[in-house]
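Only one structure is covered here, and it is reproduced in the block below.
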2 protein chains.
Amino acid sequence: MNKRRKSEKPVRLSRIQEMNRSRIIEAALGEFSRFGYSGATIDKISAAAGMSKSNLLYYFSSKSDVYEAVLEHILDVWLAPLRTLDPEGDPASELAAYIRQKMRMSAERPEASRLFANEVMQGAPQIRDVLEKDLKNLVTEKSKVIEQWIEAGKIRKIVPVHLIFTIWATTQHYADFDSQIRALTGTGLEDPAFFEEAENAVCSLILNGLGLEWPRKQTTS
Amino acid sequence: MNKRRKSEKPVRLSRIQEMNRSRIIEAALGEFSRFGYSGATIDKISAAAGMSKSNLLYYFSSKSDVYEAVLEHILDVWLAPLRTLDPEGDPASELAAYIRQKMRMSAERPEASRLFANEVMQGAPQIRDVLEKDLKNLVTEKSKVIEQWIEAGKIRKIVPVHLIFTIWATTQHYADFDSQIRALTGTGLEDPAFFEEAENAVCSLILNGLGLEWPRKQTTS
DNA sequence: TGAAGACTTGACCAATCGGTCAAGATGAGA
DNA sequence: TCTCATCTTGACCGATTGGTCAAGTCTTCA
């Protein structure tokens, strides 16, 4: 079970290990996000990864071990956009950029969004620590940025965390509720026209809601 | 298996049947919303309902039968608020009332919200028909209402479905992501102060985003 | 080339799950 | 009180699932 090489070489992974672990994680992301933790089976994950169940269990000691690896693999990239919110930039373009990044992630990695939503909806048993420490620090920090913008009179008054929640909710909604959106509109974020329409709607609503002029890209008049 | 009484008395349920079915549905709602369809077991549902597994299967023929009953039981009440959107009323108070209703439902019935989210995230296999017919008709109808408000110059221009999506996303977020919100803020919608703070933030952001003055309740100046 | 690892697999196991069945307990109407 | 339909349960079954194990195959490197 993943013994280290002799002479204590610490955590170096062979090429085969690296490839197989990433194939497993990719396959597991698909299964976990579609069927939830209980609904996903290591049989189907291993099949989707193109290997036997036994082989998957050679790389990960258990199902929950795979699950944790998938979550960890996703968390960083998932929370990254918020880190880029710059106190020095002007609110309109900073917030618009943040919303656009989140929308792009919903379009490009909807499974990641759904996996995250699934985990949180079940009480976040696996990532509670990350939420209470890393994410909380990050949100506190960025809340202060928003607070400063408010005090400087640059944006309308609002309790910062709720602005953050609103941005998360609206952007992730297009990934998490994709099937509902598709049932209602016949299309989804993978359609460039629909993507732009959604992005414009969310950006304009939130930025105008904050009393900002929204720096629309190709506005001519 | 729920045979009708002799002489074709149609669908009358005995008091015992009615009570037990509702207890089962209530217990099943809790389990399904917490653990998803696969994660919930009829053993635990029946235990939560205070009866044996066999007895549960006397009232419902299968696990999926229970699940369908729970969804049906919830769908009407869940989609009701949107129906109340009145074309004759003024946009600000109509939309504010709608948002408040949705927020109250997120506070009072978060399990219903999570169950619905779970079902949709897994591709809405059970309620696809309802979404594509009833809900689509409803959304189309209410989109026209919003469109008329726009054409009358009462609210800012926006593609109506995205306004509806935004309201759904923001309000349901407080139920679906409750554990994340609790990890970040230390409280949730069951706290009256937090509820009002959230409601104010969502209302003001969306209404201001539409160019509306928001009819705040206890504004004195 | 030839070990000594690393890698891969099918056979197998125990636990859990959804669901059946026969038999007993309870209730309501004559 | 008697009777019959309704209600309730524990014992049981087959299928699936997470996980183990021994044995075989492939890499790597001296």
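Note that the coordinates shown come from a computational prediction; the quantities given were computed from them, not determined experimentally. Within every chain, numbering begins at 1; the chains are lettered A, B, ... in the order of the sequence lines, protein sequences first and strands thereafter. Values below: all heavy atoms of this structure, side chains included; hydrogens, waters and symmetry mates excluded.
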(request) With rounding to the nearest 0.5 Å, note down the distance linking CD in A/Gln101 to CD1 in A/Ile167. (result) 11.5 Å

In this structure, how many angstroms lie between the [atom2] atom of [N] and the [atom1] atom of [X], rounded?
X       : N      : atom1 : atom2 : value
A/Leu57 : C/dG10 : CG    : P     : 14 Å
A/Phe32 : D/dT17 : CZ    : C1'   : 13 Å
B/Phe60 : D/dT8  : CZ    : P     : 13 Å
A/Ile24 : C/dT8  : CD1   : P     : 9 Å
A/Asp65 : D/dT20 : CG    : P     : 11 Å
A/Lys53 : D/dC21 : NZ    : P     : 14 Å
B/Leu56 : D/dG10 : CG    : P     : 14 Å
A/Arg21 : C/dA6  : CZ    : P     : 15 Å

(message) Is the terminal nitrogen or CZ of A/Lys44 (NZ for Lys, CZ for Arg) located under 6.0 angstrom from the six-membered ring centre of A/Phe35 and within 45° of that ring's axis?
(response) yes

(message) Can you see whether B/Tyr37 has B/Lys63 sitting over its ring - NZ or CZ less than 6.0 Å from the centre and within 45° of the normal?
(response) yes

Does [N] have OP1 or OP2 under 4.0 Å away from a side-chain N or O of [X]?
X       : N     : answer
B/Asn20 : D/dT6 : no
B/Gln17 : D/dT6 : no
A/Tyr58 : C/dC7 : yes
A/Tyr59 : C/dA6 : no
A/Asn55 : C/dC7 : no

Find every protein N or O atom lying less than 3.5 Å from an N or O atom of nucleotides 22-27 of chain D, and list the pairs.
none

(request) Side chain of A/Ser54 only, please: which of C/dT8, C/dG10, D/dT28 is the nearest? (result) C/dG10

(request) Compare every heavy atom of B/Thr171 with every heavy atom of B/Ile99, then report the nearest pair and how far apart it is. (result) O-CG2, 4.0 Å

(request) Using the six-membered ring wherever Trp is involved, compare the ring planes of B/Trp78 and B/Phe116 and label them parallel, tilted or perpendicular (cut-offs 30° and 60°). (result) tilted

(message) At less than 3.5 Å, do the side-chain atoms of B/Lys63 and the base atoms of C/dG19 form a donor-acceptor pair?
(response) no

(request) Classify the side chain of B/Ser62 versus the base of C/dG19 as yes if they form a donor-acceptor pair under 3.5 Å and no if they do not. (result) no

(message) So if I take residues 35-50 of chain A and measure heavy-atom distances to DNA chain C, which residues fall below 4.0 Å?
(response) none

(request) For B/Trp149, enumerate each residue passing the ring pair (Phe, Tyr, Trp, His ring centres under 6.0 Å) test, keeping only those at least two apart in sequence or located in another chain. (result) none

(request) Determine whether more than 12 heavy atoms belonging to other residues, nucleotides or ligands lie under 6.0 Å from atom CD of B/Glu94. (result) yes

(message) Between B/Ser64 and B/Ser62, is there a side-chain donor-acceptor contact under 3.5 Å, judged purely by atom types and distance?
(response) yes

(request) Please check if the side chain of A/Arg128 supplies one atom and the backbone of B/Ala183 the other of a donor-acceptor pair under 3.5 Å. (result) no

(message) Applying the side-chain hydrogen bond (donor to acceptor under 3.5 Å, both in side chains) criterion to B/Tyr67, which one of B/Gln126, B/Glu119, B/Glu72 satisfies it?
(response) B/Glu119

